[in-house]
Amino acid sequence: MEVEDILRGFPEQIEEAVGLVKDVRIKGAVSNILICAIGGSGIGGDLLKDYLKKELKIPIIVNRDYSIPEFVDKNTLVFVVSYSGNTKETLSAYKEAESKKAKIIAITSNGKLSKICRNYVLVPGGIPPRFALAYLFFPMLIVLQKLRLIKNKNKDIKKVITVLKKFRPIKAKNLARSLYKKIPVIYASENYRAVVYRWKTQFNEDSKCFAIANVIPELDHNEIEAELNKNFEIVLIRDMKDSPEIKKQTNATKSIIGPINEIYVEGKGLLAKMFYAIYLGDYVSCYLALLNKKDPMKIKKIDKLKRKLK
Ligand code: PA5
C-alpha cells in the first residue's frame with residue numbers, strides 16, 4: 001500500500017479500530033494505568049493521557065523502557081502496545097508487568113506479544129507502526145469506556161471522523177514547502193504536548209530530518225532564550241478554545257519569537273482537534289519526505305538497530 005492510501009484511509013481506520021475491542025476481561029478495581037510502548041506505538045499513550053487529563057480520576061503513565069515503575073501491582077491496568085509485537089523494550093516491560101500480576105491488555109498486529117499475552121486486541125497488520133495510530137489509540141479508549149473508567153466517547157469519536165473526512169491536504173503541501181531545508185520547530189499549548197511530539201517524531205521518521213517540539217507555557221521559561229536563525233522554521237499550532245491566560249501568553253510569545261507559521265486546529269472538541277492536528281502533521285511530514293527525496297515508509301536505521309539488538 002502507498003503512503004497516500006494509508007493516510008487517506010485514516011478516518012475509516014478509526015471506524016474499524018473502534019469495533020476491534022470485544023469483551024474486556026479484567027477483574028477488580030483499577031487504581032492506575034501504565035502504557036508500555038515506544039516510538040510509533042507509544043504516541044497513542046501520550047495522546048490518551050492529554051485527552052483524558054480533565055476526566056480520568058486515576059493517573060496514566062507512559063513507559064518507554066525495558067523496565068516499569070515500582071508502583072505497578074495487581075491493581076494497575078497495563079496496556080502493552082507494540083504494532084509489530086516484537087519490540088524488545090516493550091516485551092521486557094510486558095514480562096515485568098506480568099510478574100507483578102498487573103491486569104494486562106496487549107494491542108498488537110502480530111509477533112511475540114500475541115503469542116505470550118493471553119489478553120490482547122489484534123489489529124490489522126501490514127503498515128508502518130506510526131501510520132497505525134488509529135488501531136493503536138482507539139482500542140485503548142474503548143477499553144477504558146467499557147471498564148466505565150471514562151464516559152462514553154462515541155460522540156467525540158464521530159467528531160474526529162467528521163473533521164478528518166473534510167480535511168484537504170493542500171495546507172499540508174504548502175507548509176511542507178515552507179519547511180523544506182529547515183529545522184521544523186513545532187509549538188502549541190500544553191494540551192497539545194503529545195501532538196507536537198508526534199509532529200517531531202513524524203519529521204524524524206518520515207521526512208528523515210531533525211525537528212524540535214515544545215509547549216507553552218514551559219518553553220517560555222527556557223527555549224524562548226535560544227537564538228533562532230534562518231535554519232529554523234516555526235509552526236505554531238493554536239486552539240481558539242485555549243484559556244484566556246494561554247491565549248495572552250501565546251500572543252506574547254509570538255511577538256517575541258518573530259515570524260511563524262500559525263495554524264488553528266479545526267474540529268469540535270479536544271479529541272477532534274488533536275487528531276486534526278495529527279493528521280495535518282502526518283501529511284506535512286510525508287510531503288516533506290517527498291521534497292527531501294526520502295521514502296516515508298522506510299526506516300532503515302531503526303531496522304538496522306533492531307537487527308543489532310536481536
Ligand atoms: O514507527 C515506527 O516504525 C517505530 O517508531 C516503531 O513504532 C517502534 O520502533 C516500535 O516498534 P513497534 O511499534 O512495532 O513496537
> Considering residues at least two apart in sequence or located in another chain, which fulfil the ring-ring contact (aromatic ring centres under 6.0 Å, His included) criterion with Phe275?
Replying inline: Phe137, Phe138

> Per the salt bridge (Lys or Arg N to Asp or Glu O under 4.0 Å) rule, which among Lys181, Arg177, Lys182 passes with Glu233?
Replying inline: Lys182

>> Are Leu236 and Leu219 linked, directly or through intermediate hydrophobic residues, by side-chain heavy-atom contacts shorter than 4.5 Å (ILVMFWY only)?
In response: yes

>> Could you report the tightest heavy-atom contact between Ile127 and Met1, atom names first, then the distance?
In response: CG2-CE, 4.5 Å

>> Regarding Lys95 and Glu98, does a basic nitrogen lie under 4.0 Å from an acidic carboxylate oxygen?
In response: no

> Any side-chain heavy atom of Tyr279 within less than 4.5 Å of one from Val163?
Replying inline: no

>> Hydrophobic clusters here meaning ILVMFWY residues chained together by side-chain heavy-atom distances under 4.5 Å, can you tell me if Leu149 and Ile157 are in one?
In response: yes

> When rounded to the nearest 0.5 angstrom, what distance separates CD1 in Ile35 from CD1 in Ile68?
Replying inline: 13.5 Å

>> Between Asp23 and Lys146, does any side-chain N to carboxylate O distance fall below 4.0 Å?
In response: no

>> Tell me if the centroids of the rings in Phe167 and Phe10 come within less than 6.0 Å of each other.
In response: no

>> Return the CG to OG1 distance between Leu113 and Thr87, rounded to the nearest 0.5 Å.
In response: 9.0 Å

>> Closer than 4.0 angstrom, basic N to acidic O: yes or no for Lys165 and Glu15?
In response: yes

> Are Val30 and Leu48 connected in a single hydrophobic cluster, I mean Ile/Leu/Val/Met/Phe/Trp/Tyr linked by side-chain heavy atoms less than 4.5 Å apart?
Replying inline: yes

>> I need the single residue from Arg64, Lys200, Arg193, Lys53 that forms a salt bridge (Lys or Arg N to Asp or Glu O under 4.0 Å) with Asp46. Which is it?
In response: Arg64

> Using 4.0 Å as the upper bound for N to carboxylate O, is an ion pair formed by Lys151 and Asp156?
Replying inline: no

> Just wondering, more than 12 heavy atoms not from Lys300 lying within 6.0 Å of its NZ?
Replying inline: no

> Same cluster for Val18 and Val123 if Ile/Leu/Val/Met/Phe/Trp/Tyr side chains link at under 4.5 Å?
Replying inline: yes

> How long is the span from the OG1 atom in Thr250 to the CZ atom in Arg238, to the nearest 0.5 Å?
Replying inline: 5.0 Å

